[in-house]
Amino acid sequence: MITEKVLLNTIEAVKEFVDIVSRYDVDMELVSGRYVIDAKSIMGIFSIDLSSPIALCIHENREEAEEILGRLKKFIV
């Protein structure tokens, strides 16, 4: 499992993020405090505090997650 911090502080950023992660058949979650949200759920993402970075957990090994992380580069902090 790979964990990176991402910042999704605008509506446009959330839409683009969900568009990218939805293309992959990989389990991904966003973790904010005690809340765990499906990273592909736009409604779920809007239910958490987006004012600070949140943890993205990708359930793949580093080699297989490299393509996903490359596409998400602009959101990683």
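- You'll find the side chain of Glu60 stays beyond 4.5 Å of the side chain of Met1, heavy atoms only.
- In terms of heavy-atom proximity, Thr10 sits nearest to Ala13 at OG1-N, 3.0 Å.
- At least one side-chain heavy atom of Leu8 sits under 4.5 Å from a side-chain heavy atom of Leu30.
- Counting heavy atoms from C-beta on, the side chains of Glu4 and Leu69 come closer than 4.5 Å.
- Taking the side chain as every heavy atom from C-beta outward, Phe75 and Leu7 never approach each other to under 4.5 Å.
- When atom types are taken as modelled, the side chain of Lys40 and the backbone of Val26 share a donor-acceptor pair closer than 3.5 angstrom.
- Taking hydrophobic clusters as Ile, Leu, Val, Met, Phe, Trp and Tyr residues chained together by side-chain heavy-atom distances below 4.5 Å, Leu50 does not share a cluster with Val36.
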Go through Asn9 and Ser51 one step at a time and tell me if the side-chain contact (heavy atoms from CB on, under 4.5 Å) criterion holds.
CA-CA 6 Å; Asn9 57 354; Ser51 62; over 6 Å; no
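- Using a 4.5 Å cut-off on side-chain heavy atoms (C-beta onward), Arg71 and Tyr24 make contact.
- Looking only at side-chain heavy atoms (C-beta outward), Phe17 and Ile45 come within less than 4.5 Å of each other.
- Minimum interatomic distance between Thr3 and Ala55 (heavy atoms only, all atoms of both residues): CG2-CB, 4.1 Å.
- For the pair Met28 and Leu56, the minimum side-chain heavy-atom distance is below 4.5 Å.
- The closest side-chain heavy-atom distance from Ile54 to Ile48 is below 4.5 Å.
- If you chain together hydrophobic residues whose side chains sit under 4.5 Å apart, Val18 and Val31 never meet in one group.
- When the side chains of ILVMFWY residues are joined at heavy-atom separations under 4.5 Å, either directly or via intervening members, Ile2 and Ile20 end up in a single hydrophobic cluster.
- Ile37 contributes atom CD1, which lies 10.0 Å from atom CD of Glu29 (distance to the nearest 0.5 angstrom).
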Stepwise side-chain contact (heavy atoms from CB on, under 4.5 Å) check, Lys15 with Ile42:
CA-CA 7 Å; Lys15 288 178 184 177; Ile42 197 163; 4.0 Å; yes
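- Around CD1 of Ile11, the count of heavy atoms belonging to other residues, nucleotides or ligands within 6.0 Å does not exceed 12.
- Without hydrogens or angle criteria, Ser32 side chain to Tyr35 main chain gives no donor-acceptor distance under 3.5 Å.
- Looking at every heavy atom in both residues, Asn61 comes nearest to Glu64 through OD1-N, 3.0 Å.
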